[in-house]
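What follows is a single structure, written as structure tokens, with notes after it.
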Protein chains: 4
Amino acid sequence: MEEKRLSRREREKERQRGEMLTAALELFSKRGYHGVSMHEIAKKAEFAVGTVYKFFKGKEHLYETLMNEIAVKYHAALKDALSKDEDTIALLGEYVRAKAEIFADNASVLRLYIAGARGANFNIRAGLDKEMGRLYDDVLEVLALVIEKGVRKKVLKALDPHYMAVALDGLTNAFLFCWLKDPERHPYQANLAMITELFLRGSLAR
Amino acid sequence: MEEKRLSRREREKERQRGEMLTAALELFSKRGYHGVSMHEIAKKAEFAVGTVYKFFKGKEHLYETLMNEIAVKYHAALKDALSKDEDTIALLGEYVRAKAEIFADNASVLRLYIAGARGANFNIRAGLDKEMGRLYDDVLEVLALVIEKGVRKKVLKALDPHYMAVALDGLTNAFLFCWLKDPERHPYQANLAMITELFLRGSLAR
Amino acid sequence: MEEKRLSRREREKERQRGEMLTAALELFSKRGYHGVSMHEIAKKAEFAVGTVYKFFKGKEHLYETLMNEIAVKYHAALKDALSKDEDTIALLGEYVRAKAEIFADNASVLRLYIAGARGANFNIRAGLDKEMGRLYDDVLEVLALVIEKGVRKKVLKALDPHYMAVALDGLTNAFLFCWLKDPERHPYQANLAMITELFLRGSLAR
Amino acid sequence: MEEKRLSRREREKERQRGEMLTAALELFSKRGYHGVSMHEIAKKAEFAVGTVYKFFKGKEHLYETLMNEIAVKYHAALKDALSKDEDTIALLGEYVRAKAEIFADNASVLRLYIAGARGANFNIRAGLDKEMGRLYDDVLEVLALVIEKGVRKKVLKALDPHYMAVALDGLTNAFLFCWLKDPERHPYQANLAMITELFLRGSLAR
DNA sequence: GATGAATGAGTATTCATTCAT
DNA sequence: CATGAATGAATACTCATTCAT
């Protein structure tokens with residue numbers, strides 16, 4: 001009974017923290033770090049400012065926490081997709097699918113994510129960019145391993161696996177951005193087909 | 001004579017405007033929009049704040065002007081590269097080369113540019129993103145036309161030219177970022193070779 | 001039985017109150033009124049903030065209570081010293097000794113006390129200064145009575161006893177401050193001798 | 001003409017700075033460092049907050065500047081009094097007179113001064129207390145030199161000059177406080193007479 | 001009765017912008 | 001016409017106090 005109450009309180013805490021992060025995400029993704037005030041976040045999350053400060057040491061900490069949670073979730077999903085027990089081509093398909101899913105689910109997050117991964121944040125603690133870059137490179141590495149196996153199995157050409165990973169990532173980014181900008185004009189299936197076609201077979205006739 | 005004096009004044013004005021933009025660029029690219037104050041820009045450009053306000057309606061306007069000038073220059077260079085009188089494959093090579101050149105020349109600007117093109121700017125008047133997106137799409141369209149010609153000439157596969165353009169753009173972005181992050185490890189030549197190989201021939205063995 | 005329980009509870013209460021005041025004193029004397037938060041006091045006293053508020057109406061009230069307790073204790077000790085059954089000169093010696101003792105015991109408190117007695121406290125309810133001033137004047141009065149008796153006994157010159165009291169107080173304050181600032185350089189004995197010599201005999205040669 | 005304009009501007013600046021310091025003094029001396037906000041000071045001085053920050057780096061700097069100006073002025077006046085070309089007794093009288101004058105002129109300053117010299121300020125930069133202590137000791141030293149000369153001239157008893165200086169200072173403080181608290185009851189002349197009588201001749205009958 | 005989570009008023013400081021000189 | 005002094009709105013963060021559990 002004691003335990004239950006404790007756990008309930010902890011769940012309550014978690015819920016509140018989540019509400020704050022959700023509110024912050026919504027605002028940050030619309031107006032950026034500097035465009036949002038702590039009061040706004042507190043108001044949107046329906047707490048007093050002081051309460052927000054009980055959960056996060058400051059605005060920067062709140063922002064970093066948010067970005068990290070997103071990054072961790074994102075990269076975990078990608079690594080999961082790549083660790084399935086399938087053949088190379090299917091795995092790469094899984095990767096693209098997982099990435100598309102994330103883009104779809106968190107369209108609003110993406111502006112933030114891109115800004116972060118690409119180093120477009122200034123002023124914010126330098127460590128953040130670095131950490132996100134690390135997670136990003138981590139996924140690329142796993143992707144490269146999958147590709148390497150494909151090369152060894154002679155499924156893929158004997159090119160540098162890391163560069164092939166970079167290429168696939170760039171390709172998916174480009175198409176998924178298209179899709180995000182105008183989902184009607186750039187349906188998911190068409191994008192997927194193009195990525196596959198271009199990455200695997202190239203564009204040269206014959 | 002009146003005209004000459006006026007024109008001289010106008011040239012003087014233009015020079016001053018340029019100095020302000022140069023100073024602003026240097027500061028913005030190092031510390032971001034919010035990390036720079038109008039006083040700093042004025043000081044760096046060696047003018048009084050009031051004078052800067054004579055040229056630009058406000059900080060936002062100055063920033064937008066700056067980003068637009070960069071974008072216009074960038075896209076002009078890309079369109080130039082694509083309008084040379086060469087065959088399809090060579091033109092695509094020209095495009096990649098021109099893009100690489102821009103990246104190399106303005107490494108410091110890129111963080112700003114990327115942030116802008118990808119919609120990572122907030123607060124800043126929404127119009128900016130839109131305008132830059134328009135320029136971006138404009139280049140993509142020209143690239144698609146080049147590709148379309150290549151398809152008609154049967155040099156390239158009969159895939160959607162617009163998507164092929166998107167793909168090439170994504171591919172070059174990915175590799176050029178690699179290069180920017182660590183030029184030693186990812187030399188330009190290797191990147192160029194990979195882009196060509198992957199885009200034109202794909203990665204599938206056989 | 002009821003009474004006993006009540007009294008035990010009351011003793012318990014008193015103990016808690018004392019712990020709070022002790023914690024507060026330690027913190028206030030180190031960092032001043034504004035440098036200490038109620039949470040700190042509560043934590044140091046090992047109570048919840050709410051509990052502290054059960055005992056004291058607010059921070060100001062806690063501070064005033066504390067200062068008053070110190071003042072009351074201080075002045076009681078001085079009045080005690082002055083009510084011993086000795087001759088005038090000895091009584092004055094007792095007074096100086098008692099004051100020195102207080103200074104020695106509560107060096108850390110003194111900054112607070114001085115600030116209070118001399119009216120250097122702001123913000124804090126004006127009443128505090130007044131109350132402490134009253135206690136202070138009360139002691140001066142007793143001292144003046146002792147001096148008056150000395151005058152009547154022709155031990156002391158026929159000067160205004162109240163002013164003589166003021167003088168003795170100022171003299172002891174000055175020397176005891178010296179001593180507090182640098183006890184090595186200004187040993188207690190030397191100070192005591194100087195106070196006696198100067199107060200009783202003056203500095204004029206012959 | 002150019003010079004005149006410059007000097008006029010500088011005088012204007014000085015005037016503004018003075019107004020700010022005056023407003024700050026009035027508020028600080030009534031309500032203490034923490035009891036006054038920068039907005040209040042700005043309002044009282046009839047400037048915008050930003051303007052106050054053009055003159056003073058921050059609240060602490062403004063406070064320190066204020067205290068220092070007062071201390072410097074105070075101590076200069078005392079040292080002046082002690083450097084006149086008179087005999088020992090007259091010089092000591094000058095000292096007391098100068099101190100009384102300062103007390104009279106700046107009654108409102110005194111609470112601040114006492115608080116500062118006696119170390120009743122917490123949180124505020126430690127250096128301030130130290131600096132004021134240094135100025136204070138400096139005057140005491142000069143006073144001790146005067147007394148020493150008096151001792152050599154056999155005008156004063158052969159006691160430690162430094163301690164005699166401490167005593168005189170303590171004596172004057174005590175009487176001047178009396179006077180400040182209730183000028184009617186403790187007229188200046190009576191105080192002066194008592195200080196002289198007690199310091200020079202002591203209180204012991206015969 | 002004790003607790004400490006939640007509150008939100010209050011404050012120092014910055015900086016885009018204006019306008020008198 | 002350039003200047004830069006003056007402005008004051010805006011904002012992150014603290015902490016005394018309250019009150020539901």
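Keep in mind the model is a prediction, meaning the values are calculated, not measured. Residue numbers begin at 1 in each chain, while the letters A, B, ... track the order of the sequences.
- For B/Y53, the side-chain contact (heavy atoms from CB on, under 4.5 Å) partners two or more places apart in sequence, or in a different chain, are B/M38.
- Every residue meeting the salt bridge (Lys or Arg N to Asp or Glu O under 4.0 Å) condition with C/E40, not counting sequence neighbours, appears here in chain and number order: C/R31.
- Sorted by first and then second residue, the salt bridge (Lys or Arg N to Asp or Glu O under 4.0 Å) pairs with a member in residues 42-56 of chain B read B/E26-B/K44; sequence neighbours excluded.
- Between D/F56 atom CZ and E/dA12 atom P the separation is 15 Å, expressed in whole Å.
- Atoms CZ (B/R31) and C1' (E/dC15) sit 14 Å apart, rounded to a whole Å.
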* **Where protein sits on nucleotides 3-10 of chain F, one letter per nucleotide: B base, S sugar-phosphate only, - none, heavy atoms under 4.0 Å** => BBBBBBBB
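- For DNA chain E, each stem of at least three Watson-Crick or G-U pairs (distances under 3.5 Å) is given as range with range: E:2-21 with F:2-21.
- Rounding to whole angstrom units, CE of residue B/M38 and P of E/dT14 are separated by 19 Å.
- No donor-acceptor pair closer than 3.5 Å links the side chain of A/Y63 to the backbone N or O of A/A24.
- B/H61 pairs by the ring-ring contact (aromatic ring centres under 6.0 Å, His included) definition with B/F56, not counting sequence neighbours.
- Take C/E12 and apply the side-chain contact (heavy atoms from CB on, under 4.5 Å) test, not counting sequence neighbours, and it matches C/R15, C/Q16.
- Toward the 5' end of DNA chain F, the nearer of the two residues C/S37 and A/Y53, judged by each one's closest nucleotide, is A/Y53.
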